[in-house]
Amino acid sequence: MAQTSTEDRHFQLIDADYFRQDSGPVIRLFGRTDDGKSICCHVAGFEPYFYVNTDDDLEVISERIREKLNLTNKSGKIKKVEVVQRFEPIGYQKTMKPMLKVFTHDPGNVPEIRDDIAEIAGVKAVYEADILFRTRYLIDNDFHGMRWLKGKGKKINPSGYACDEILELFEVKETERKAPADLKYFAFDIECLPEDGNMPTPDRSPIIMISMSFNPVFEGKDTIVLIAKPVDGMDNDVEACADEATLLKRFFEIFRKYDPDVVTGYNSNGFDVPYIAERVKVLNNSGHDIDSAVGRDRRPLSYRKIGTQTMVSIPGRVVVDTLPIIRQQFSLKRYTLRNVSQELLGREKLDVSADEMEEHWNDDGEKLRKFVDYARRDSELALELILELKLLDKYIALSQVSGTIIQDVVSGGQTNMVEQLLLTEFGKHKRVIPSKPDDKTSAERRHLNESLKGGAVLEPKKGLHENVLVLDYKSLYPTIIMAHNLCYTTVVEDGNYNDEDVISSPTGARFVKPDIQKGIVPTVLEKLMAQRSETKRRMKKTTDENEYRVLDATQLALKILLNSFYGYSGYARARLYSLEMASSVTAIGRENISRTEKIICDEIGTVVLREGQAFLKDEVLITPKDRLVDLSVVYGDTDSVFVHCMSPEGREFTEEEFSLEDSELVGKKVASVVTASLPDPMELEFEAVAKRVLLVAKKRYAQWLFEPGPQGWTDKIKVKGLETVRRDWCELTSKMLNQVLEYVLKEGNISKAVEHVRQTVNRVRNLDVQHDAEIMDDLILTKSFSKSASSYKNRQPHLTVVEKLKRRTGVHPPIGERIPFVITAGKGLFVDRAEDPEYVKEHNIQLDVDYYIQKQMLPPVERILGVFGVDVATLDHDSKQKGLFDFTNASKESDNFITKNHEREEKPQVNGSNSQSSLFDF
DNA sequence: GTAAATGCCTAA
DNA sequence: TAAGTTAGGCATTTAC
């Protein structure tokens, strides 16, 4: 005889939602168990609710609510109303006030009831009425996405599910388990025949192939390619289907059978999913019965268009389109699958061009096989991108740390995560949170934000410097918030507070001190920071490579979250917005960096090196054996200062005089002196030393950096803001400039740099596109097509190309796409001469060599070498006229430029009359 | 002719 | 249910 048995299950929480039952809503928790089963757990008994705030008598307001809802026929939809004590969201308050907590029977009724209540006279505000029911459940129970839950319940067997086990839970709690479950990954990609060279549309063009990739394998196979026509002699992972409908049915069958946790594809949200969903509609309308159930609740495949974006969600699973993820995480010039695979995986995409497709499809032999291989490779690549690049690690960690369901982390921004953390902590402190602002409120806030100033950027002392210490503040904005108790909940509006009870920011805003009341944001940040320290501690301890990776993702997630709160506080669409808080953070930051500069230059000024230790001048009596180091701040941006170390005579040190270890001693001494003057937990850190640094402009510099590490010093060249890191310059510029920077920074050899530029210029001057295809690729520029063509006010080269492309092929690139172009020879504006590189290659069109030399190559390099007195005439030196001979002679004398520089006791200046130019005889 | 506006992309 | 923030350099087009 069957008996009710209690089951215990551990599972990692992948998704959550709810469904309605007569007895009330039931939460569903989806996950993968420790023994590899997919599971769905039902939790009954959680009630939807929200808060109502009023300054009137609660009885009166309750009565008005009853009347109003009777009037609109909704009174039966309210389950109960309680009086509770809560704090209002904004501002320091000594005591709570009574508010109404309204419970409803159905989460779906909350919006209409809320709107009714909001209209009632005397109702000041409605709080937390726009929080998804499943989010409310997770927050109130402190359950986090992708963490492990332990559920106790009984097995049930309702219809309408596509997972291994369904449990009705009596009890559920979070457990400590950390190791990730073995998730199942599924990637897919469809092929359709283009129509007369045009993009296929789902109302006309059938799907002819679907390729799928699996990890772990499905029935022993890594990939399966479905093909919508009967054909023999294909590889054994190819399944021939009678027709398109059969193919789609088989696709969904495999999908359900495999039961993946993660569903992925390259641009799958933008193309494949909508296409499949539309084809299913078309076919089913003409008499087919394709069951497109893919959800763990057997919900059919669906998508929603919000603006230009397509949202896809599949209950119980995570949908990850790798294209937007890769866009976000990697700065590349192009995001075609071909380019991304090449750059990030080192793998080639196979290709059958659009105009060859029909021919390949109609073949039954080699050509069809080639087409199949191409299709197969695309889903393989999508899967490889997500697995090899470990794209999900970061999102899993963010979900675990913030609590947000992983799908919302993957497809949403920072707002979701910050709000989940704030809702949790506000709840614990019995404070309510406002609803999302309406468009009018956000517009007002955006207007207010015009007064919000950001970080300070110190004027760089332009030129080349040696022995520059790089000091930066560890998590500057979070530590400012903690140190000054800046919070929505501590800000005081009125003057009824003693000066000793409040902290005033440079903006004049006032916040109560933590001993009066500690802010909620500082509390959250402290918790996150403590977790991060603990995570880093465990990273040092572990020997397990996988655990290390997980911990590293966790600490990175914590860092991202720590740094999200400042931006959120000044975000116009945030539930919690505080211009006072945001401007105080940046104002304190600005004051801090200029104070830091002063301490280093004026108060410290000189550091004394003696027997492996660094001292301040007034800490010791200086003897002749001591070495003195003069300090000056040559640059700084928001949270960093670059400190130049020089001899007391004002010249650069030689190698023998000043080592990396000396730098470190000085750097650490300076950092500790500054830190000692700051409130906890603000901390200035010694990060690295630049043996040489070239400061070009604000936010533009290059360093030859040495960083201390466990295996001693490691060196690298780090470039910020210069053309080598910008994607709107051609590759040739980056390559050339990188080489120039290397010669200048590592060798101090200007001559070599000049020579390299001359050679590159000459190569371009004698450019022959036909015979030098390689350099042609290096001349391609890209720019992002960032808004609808009609909203551009000026003409732009990439728009020219977009228009040409559209005219020629009918294909209109989507907003967000990066458009490649070259500038062709001719007269008039550049914008008229921008052209699609493919078209140029096909038609053998001449490029505007002069444009490339005068506009792409010389200006960036002149900005750098101009510091040493090198001018355009020198760089664009025509070898036939002058010959390299003079120059080569000059360069011999000055190979070791840096030594000469020391002798002259003079630093290079930009275009200055006392620049290095006299060292060379160009 | 030059100054202002526009657009892009980066640093933090 | 779309979207953290400001500071800043630079090239090019457009307005004057």
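Labels below follow one simple rule: chain letters A, B, ... track the order of the sequence lines, proteins then strands, and each chain is numbered from 1. Owing to the predicted nature of the structure, the values given are computational and were not obtained by experimental measurement.
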Trainee: Is the base of B:dC9 touched by the side chain of A:Arg726 through a donor-acceptor pair closer than 3.5 angstrom?
Mentor: yes
Trainee: Taking atom C1' of C:dT13 as reference, at what distance in whole Å does atom NZ of A:Lys783 sit?
Mentor: 12 Å
Trainee: Scan A:Lys787 against the nucleic acid and name what it touches under 4.0 Å (heavy atoms): base, sugar-phosphate only, or nothing.
Mentor: sugar-phosphate
Trainee: Tell me: CZ of A:Phe830 to P of C:dT13, nearest whole Å?
Mentor: 7 Å
Trainee: Answer yes when A:Asp130 and A:Arg575 have at least one side-chain N-carboxylate O distance shorter than 4.0 Å, and no when they do not.
Mentor: yes
Trainee: Tell me which nucleotide among C:dT13, C:dA11, B:dC8 gets nearest to the side chain of A:Pro859.
Mentor: C:dA11
Trainee: Side chains of A:Ser505 and A:Thr507: do they bring a donor and an acceptor to under 3.5 Å?
Mentor: yes
Trainee: Please determine if a side-chain N or O atom of A:Arg700 lies less than 4.0 Å away from the OP1 or OP2 oxygen of C:dC10.
Mentor: yes
Trainee: How do A:Leu829 and A:Tyr566 order along DNA chain C: which one's closest nucleotide is nearer the 5' end?
Mentor: A:Tyr566
Trainee: Using whole Å, report how far NZ of A:Lys698 lies from P of B:dA11.
Mentor: 16 Å
Trainee: Round to the nearest Å and state the distance from A:Lys699 atom NZ to C:dC10 atom P.
Mentor: 13 Å
Trainee: Categorize A:Gly567 for me: base, sugar-phosphate, or nothing, with a 4.0 angstrom heavy-atom threshold over every strand shown.
Mentor: base
Trainee: Is the shortest distance from a Lys or Arg side-chain nitrogen in A:Asp848 or A:Lys855 to a carboxylate oxygen in the other one below 4.0 Å?
Mentor: no
Trainee: Does this structure show an ion pair linking A:Arg334 with A:Glu343, if we count only N-O contacts that are shorter than 4.0 Å?
Mentor: no
Trainee: Just call it for A:Val725: base, sugar-phosphate, or nothing, with non-hydrogen atoms closer than 4.0 Å on any strand.
Mentor: sugar-phosphate
Trainee: What contact category does A:Ser564 fall into here, base, sugar-phosphate, or nothing, at under 4.0 angstrom with non-hydrogen atoms?
Mentor: nothing
Trainee: What is the nucleic acid contact for A:Arg818, judged by heavy atoms within less than 4.0 Å: base, sugar-phosphate only, or nothing?
Mentor: sugar-phosphate
Trainee: Looking at every strand, decide which applies to A:Gln796 at a 4.0 Å heavy-atom threshold: base, sugar-phosphate, or nothing.
Mentor: sugar-phosphate
Trainee: Are A:Lys440 and A:Glu444 within salt-bridge range, i.e. N to O under 4.0 Å?
Mentor: yes
Trainee: Need one value for A:Lys436: base, sugar-phosphate or nothing, where a base atom within 4.0 Å counts as base even if backbone is also close, heavy atoms only.
Mentor: sugar-phosphate
Trainee: Would you say A:His798 places a side-chain N or O within less than 4.0 Å of OP1 or OP2 belonging to B:dG7?
Mentor: no
Trainee: Rounding to an integer number of Å, can you tell me how far A:Tyr792 OH sits from C:dT12 P?
Mentor: 16 Å
Trainee: Which nucleotide, C:dG9, B:dC9, C:dT1, lies nearest any side-chain atom of A:Asp130?
Mentor: C:dT1
Trainee: Take atom CD of A:Gln328 and atom P of C:dA3, then tell me their distance rounded to the nearest Å.
Mentor: 11 Å
Trainee: Taking only the side-chain heavy atoms of A:Lys793 (C-beta and beyond), determine which of C:dA2, B:dA12, B:dT6 contains the nearest atom.
Mentor: B:dT6
Trainee: Is the phosphate of C:dT5, meaning OP1 or OP2, less than 4.0 Å from a side-chain N or O of A:Thr586?
Mentor: no
Trainee: Is A:Tyr473 touching bases, backbone alone, or none of the nucleic acid, heavy atoms closer than 4.0 Å?
Mentor: nothing
Trainee: Return the value, rounded to whole Å, for the distance between atom NZ of A:Lys333 and atom P of B:dC8.
Mentor: 17 Å
Trainee: Could you tell me how far apart A:Leu132 (CG) and C:dT1 (P) are, to the nearest whole angstrom?
Mentor: 8 Å
Trainee: Distance check: side-chain N/O of A:Tyr851 vs OP1/OP2 of C:dT12, anything under 4.0 Å?
Mentor: yes
Trainee: Walk me through it: do A:Tyr477 and A:Ser564 pass the test side-chain hydrogen bond (donor to acceptor under 3.5 Å, both in side chains)?
Mentor: CA-CA 10 Å; A:Tyr477 286 178; A:Ser564 297; over 6 Å; no
Trainee: What does A:Thr308 touch in the nucleic acid at a heavy-atom separation under 4.0 angstrom: a base, only the sugar-phosphate, or nothing?
Mentor: nothing
Trainee: Between the base of C:dT14 and the side chain of A:Arg795, is there a donor and acceptor pair under 3.5 angstrom?
Mentor: no
Trainee: What nucleotide, of C:dG8, C:dT5, C:dT14, holds the atom closest to the side chain of A:Val457?
Mentor: C:dG8
Trainee: Taking atom types as modelled, is there a side-chain donor on A:Thr596 or A:Tyr473 under 3.5 Å from an acceptor on the other?
Mentor: yes
Trainee: Could you check whether A:Gly307 gets within reach of a base, just the sugar-phosphate, or nothing at all, counting any heavy atom under 4.0 Å?
Mentor: nothing
Trainee: Nearest to the A:Arg727 side chain among C:dG9, C:dT14, B:dC9, which nucleotide is it?
Mentor: B:dC9
Trainee: Measure from the side-chain heavy atoms of A:Trp729 and tell me the nearest of C:dT6, C:dA11, C:dA2.
Mentor: C:dA11
Trainee: OP1 or OP2 of B:dG7 versus the side-chain N and O atoms of A:Ser786: is any pair under 4.0 Å?
Mentor: no
